[in-house]
Amino acid sequence: MANDEEVEEIYEKIEELISLTNSKENLIIMGDWNAIVGDSTDGREVGKYGLGTRNERGDRLIEFCRQHDLIITNTLFMNHKRRRYTFKMPGDINRYQLDYIMVKNRYKNQIKSSKSYPGADIDSDHNLVMIKSVLKFKKLERPKNIGPDWNLCQLKQPETRKLFEKKCKEKYKYFECLDKHF
């Protein structure tokens with residue numbers, strides 16, 4: 001287990017990476033936080049389906065979530081307790097929820113489920129944690145065609161180039177005449 005200085009250093013590195021992202025972008029953060037957030041809701045960061053009793057590192061994780069407007073997805077969904085715990089102590093003494101997937105509160109509707117998979121063979125004392133997410137992409141409006149499409153490669157042909165130069169001179173003369181009248 002990491003000491004408090006190492007934990008703060010990790011938080012600082014993650015905050016540095018978050019600062020590089022656009023505030024409106026979808027952000028998903030996941031990992032082993034060695035924190036227990038518990039099942040008590042005192043804000044929107046933690047849902048009512050956590051596991052255990054909150055500890056100091058859980059308080060620090062919730063503070064981090066508040067700072068960055070994140071929610072902890074695996075506390076939002078009512079799952080059986082075997083789908084909530086993410087770590088089993090050797091000898092199966094106790095089970096804890098230490099691994100979390102967090103998303104920005106703005107994008108919480110994209111998450112359809114979040115749970116751990118204790119039967120997954122990943123050669124670890126931690127369980128696999130997964131979310132089901134449905135992303136909806138915004139359709140970008142294309143700018144309306146303002147003028148003709150130009151095929152500039154055709155200007156390499158001598159006939160096309162002469163025609164283009166002639167048209168440009170005619171237009172220029174037209175604008176030149178307008179300037180004299182106004």
Side-chain angles (χ1 to χ4, degrees), residues 1-140:
M1 187 175 289
N3 65 34
D4 290 338
E5 290 174 9
E6 292 171 326
V7 170
E8 285 305 314
E9 189 177 318
I10 294 294
Y11 276 108
E12 287 172 12
K13 287 180 181 178
I14 293 171
E15 286 175 349
E16 189 177 311
L17 290 172
I18 290 173
S19 71
L20 298 175
T21 63
N22 185 336
S23 63
K24 293 183 179 180
E25 288 180 349
N26 191 357
L27 178 67
I28 300 173
I29 301 174
M30 58 186 95
D32 175 6
W33 296 86
N34 279 332
I36 301 172
V37 296
D39 56 3
S40 60
T41 58
D42 58 353
R44 64 180 177 195
E45 297 82 17
V46 181
K48 56 184 174 181
Y49 302 107
L51 192 64
T53 306
R54 187 173 302 161
N55 62 9
E56 282 184 40
R57 292 209 176 155
D59 288 333
R60 176 64 180 103
L61 180 60
I62 291 169
E63 177 187 321
F64 173 78
C65 289
R66 279 193 186 122
Q67 266 183 317
H68 300 286
D69 197 28
L70 300 169
I71 57 166
I72 302 173
T73 63
N74 36 333
T75 63
L76 297 177
F77 298 95
M78 186 174 74
N79 294 312
H80 191 276
K81 286 193 177 185
R82 74 175 168 267
R83 294 297 188 137
R84 293 185 205 175
Y85 78 90
T86 62
F87 173 77
K88 183 168 56 170
M89 286 184 76
D92 199 11
I93 298 169
N94 260 333
R95 297 170 185 208
Y96 300 98
Q97 189 177 40
L98 304 175
D99 306 270
Y100 302 101
I101 300 176
M102 295 165 284
V103 298
K104 284 198 173 187
N105 187 51
R106 174 181 183 169
Y107 295 99
K108 73 180 175 185
N109 292 337
Q110 77 179 354
I111 307 300
K112 301 305 175 194
S113 76
S114 179
K115 57 187 166 186
S116 68
Y117 290 86
D121 187 16
I122 56 173
D123 195 28
S124 173
D125 51 357
H126 289 263
N127 294 334
L128 181 67
V129 181
M130 290 177 46
I131 59 173
K132 284 187 183 176
S133 178
V134 176
L135 299 176
K136 292 183 181 177
F137 295 103
K138 183 178 179 181
K139 186 174 181 178
L140 297 176

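FYI, side chains are in, hydrogens and waters are out, and symmetry mates aren't considered; it's all heavy atoms of this structure. All values reported here derive from a predicted model rather than from experimental measurement.
- With contacts defined as side-chain heavy-atom distances shorter than 4.5 Å, the pair Leu70/Phe64 qualifies.
- Not a single donor-acceptor pair under 3.5 Å links the side chain of Ser133 to the backbone N or O of Ile111.
- Side chains of Tyr117 and Met130 form a contact here, defined as non-hydrogen atoms less than 4.5 Å apart.
- Residues Leu76 and Ile71 are in side-chain contact: their nearest non-hydrogen atoms beyond the backbone lie under 4.5 Å apart.
- By the neighbour-count criterion of 12 heavy atoms within 6.0 Å, atom CD of Glu25 is densely surrounded, having more than that number from other residues, nucleotides or ligands.
- Using a distance-only test at 3.5 Å, with no hydrogens or angles considered, a donor-acceptor pair links the side chain of Thr73 to the main chain of Ile101.
- Ile36 and Tyr96 make their closest contact through CD1-CD2, 3.6 Å (heavy atoms, listed as atom of the first residue, atom of the second, distance).
- Distance check: Ser23 OG to Lys104 NZ gives 5.5 Å after rounding to the nearest 0.5 Å.
- The structure places NE2 of His68 at 7.5 Å from CD1 of Ile29, a figure rounded to the nearest 0.5 Å.
- Here the closest heavy-atom approach between residue Ala35 and residue Gly58 is recorded as CB-N, 3.6 Å.
- For Thr75 against Gly47, the heavy-atom pair with the smallest separation is OG1-N, 2.8 Å.
- Although no hydrogens or angles enter the test, the distance criterion places no donor-acceptor pair under 3.5 Å between the side chain of Asn74 and the main chain of Ser114.
- Note that the NE2 atom of His80 and the NZ atom of Lys115 stand 12.5 Å from one another [nearest 0.5 Å].
- Counting non-hydrogen atoms of other residues, nucleotides and ligands closer than 6.0 Å to NZ of Lys112 gives a total above 12.
- The side-chain heavy atoms of Glu15 and Gln67, taken from C-beta on, include a pair separated by under 4.5 Å.
- Between Val46 and Arg54 there is a side-chain heavy-atom pair separated by less than 4.5 Å.
- Taking CG of Asn127 as the reference point, atom CZ of Arg82 lies at 12.0 Å (rounded to 0.5 Å).
- The shortest distance between side-chain heavy atoms of Leu61 and Ile72 falls below 4.5 Å.
- Among all heavy-atom pairs drawn from Gly50 and Asp39, the shortest one is O-CB, 3.7 Å.
- Looking at heavy atoms from C-beta onward, Phe77 lies out of side-chain contact with Lys132 at the 4.5 angstrom threshold.
- Contact between Glu45 and Arg66 at its shortest, heavy atoms only, is OE2-CG, 2.7 Å.
- In terms of heavy-atom proximity, Pro118 sits nearest to Arg83 at CD-CD, 4.3 Å.
- Checked options Val134, Ile28, Ile131; the residue passing with Gln110 is Ile28 (criterion: side chain to side chain contact (heavy atoms under 4.5 Å, CB included)).
- Put simply, the side chain of Glu6 gets close to the backbone of Asn3: a donor and an acceptor are under 3.5 Å apart.
- Ionic pairing of Arg60 and Glu56 is not present here: no N-O contact between side-chain nitrogen and carboxylate oxygen is shorter than 4.0 angstrom.
- With contacts defined as side-chain heavy-atom distances shorter than 4.5 Å, the pair Asp99/Met30 does not qualify.
- Here the side chain of Lys48 pairs no donor or acceptor atom with the backbone of Met78 at under 3.5 angstrom.
- Tyr100 places a side-chain N or O within 3.5 Å of a backbone atom of Val37 that can act as its donor or acceptor partner.
- Ion pairing between a basic and an acidic side chain is recognised when a charged N comes within 4.0 Å of a carboxylate O; Asp69 and Lys108 show no such pairing.
- If you take CG on Leu17 and OG1 on Thr21, they are separated by 9.0 Å, rounding to the nearest 0.5 Å.
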